[in-house]
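In each ligand, atom 1 is the first atom listed, and ligand 1 is the first ligand listed.
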Amino acid sequence: MDGNGRWATQRGLARLEGHRQGAENIERLLDTLFFYKIPVVSLYAFSTENWRRPQSEVKGLFSLLNEFLEKKLPVFHEKKIQLRVSGELTRLPARSRKAIEKAIEETKSYRRLVANFCINYGAHYEICRAAVLACRDLLCEKDKIRPNLFERYLYTAGLPPVDLLIRTGGQKRLSNFLLYQIAYAELYFTDVLWPDFSPGHLEEALVEYNKRTRKFGGLVTEERDSSS
Ligand code: FPP
């Protein structure tokens, strides 16, 4: 969800106003996700590197998160959305942690859409953490560490791999986001700043995704048929 800061600066507003509009934009996209029966969406809300931002912005982001959870939890209930969080919650302000735990607990039975918020998330840390946990459990059977077992130790355990990764805001990089899970994801980059990313823009990304041929390292059906 990149581009909040620039969206605000362009309008002479404080960066936090951009984040606020960015948070509001999440709800705007829900109906499109439902319409296309997308079962899981992961949203990069705060990275392990975002602590490097000025303290005032970090504090503002966590206040926004508290506000978001308080205001939108009824929407999650109403629309039967399961809230999940990927990331290390121990470093979060206690109030945010409690609000997150409450939302996770209250929505855990919903199946219509899983909204996986990545908060204090970094893929490097996630993979190192999973390796430590997996080795601890499977120490005597190292040769048994296979992708399907290893994945159980990631924050995203039980979620499918990423099909489509959308980065808004014009940068063409991955910024330590779900690096394990995006092995075969289709990548989509757009200059649109996150607060402006509308249902129409999301549809454009889905149309583009549908044009791609996904081979997962194999061959497309026709090629396989003609060579056999
Ligand atoms: C990147 O834009 C965005 C973030 C670091 C935070 C994303 C947060 C939100 C959308 C709102 C808070 C989330 C919730 C769930 C309440 P940037 O600040 O790097 O933008 P810039 O590149 O234009 O400066």
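- Considering OH of Y153 and CG of D137, their distance stands at 3.5 Å, rounded to 0.5 Å.
- Between A45, G22, G5, it is A45 that holds the heavy atom closest to atom 8 (C) of ligand 1.
- Of the protein's non-hydrogen atoms, N4 ND2, 3.3 Å is the one closest to atom 10 (C) of ligand 1.
- Only the side chain of N50 comes within contact range of ligand 1, with a heavy atom under 4.0 Å; no backbone atom does.
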For Y121 and W51: C-alpha separation, side-chain torsions, deciding distance, then whether ring pair (Phe, Tyr, Trp, His ring centres under 6.0 Å) applies.
CA-CA 11 Å; Y121 174 87; W51 296 105; over 10 Å; no
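- A donor atom on one side chain and an acceptor atom on the other are not found under 3.5 Å apart for T156 and R84.
- For atom 11 (C) of ligand 1, the closest non-hydrogen atom of the protein is H19 O, 3.4 Å.
- E186 pairs with exactly one of E208, K211, R214 by the side-chain contact (heavy atoms from CB on, under 4.5 Å) rule, that one being R214.
- Near F68, meaning under 4.0 Å from one of its heavy atoms, ligand 1 places the atoms 16 (C).
- Of the protein's non-hydrogen atoms, M1 O, 3.2 Å is the one closest to atom 3 (C) of ligand 1.
- The structure places CG of L202 at 10.5 Å from CG of L30, a figure rounded to the nearest 0.5 Å.
- Neither the backbone nor the side chain of E67 comes within 4.0 Å of ligand 1, counting heavy atoms alone.
- Ring centroid separation for the pair F117 and F68 comes in under the 6.0 Å cut-off.
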Report, one line per pair, each donor and acceptor closer than 3.5 Å where one atom sits in a side chain of residues 94-104; sequence neighbours left out.
unit_1 : atom_1 : unit_2 : atom_2 : d
S96    : OG     : N66    : OD1    : 2.7
R97    : NH1    : T90    : O      : 3.4
K102   : NZ     : E106   : OE2    : 3.1

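- Under a 4.0 Å criterion applied to the non-hydrogen atoms of F117, ligand 1 contributes the atoms 15 (C).
- Between R6 and ligand 1, at least one N/O pair is under 3.5 Å apart.
- The side chain of R53, and not its backbone, has at least one atom closer than 4.0 Å to an atom of ligand 1 (non-hydrogen atoms only; side chain from C-beta on).
- The nearest heavy-atom contact from the protein to atom 24 (O) of ligand 1 is R15 NH1, 3.0 Å.
- When heavy-atom distances to ligand 1 are checked against a 4.0 Å cut-off, W7 has no atom that comes that close, whether in backbone or side chain.
- No salt bridge links R28 with E24; every basic N to acidic carboxylate O contact stays at or beyond 4.0 Å.
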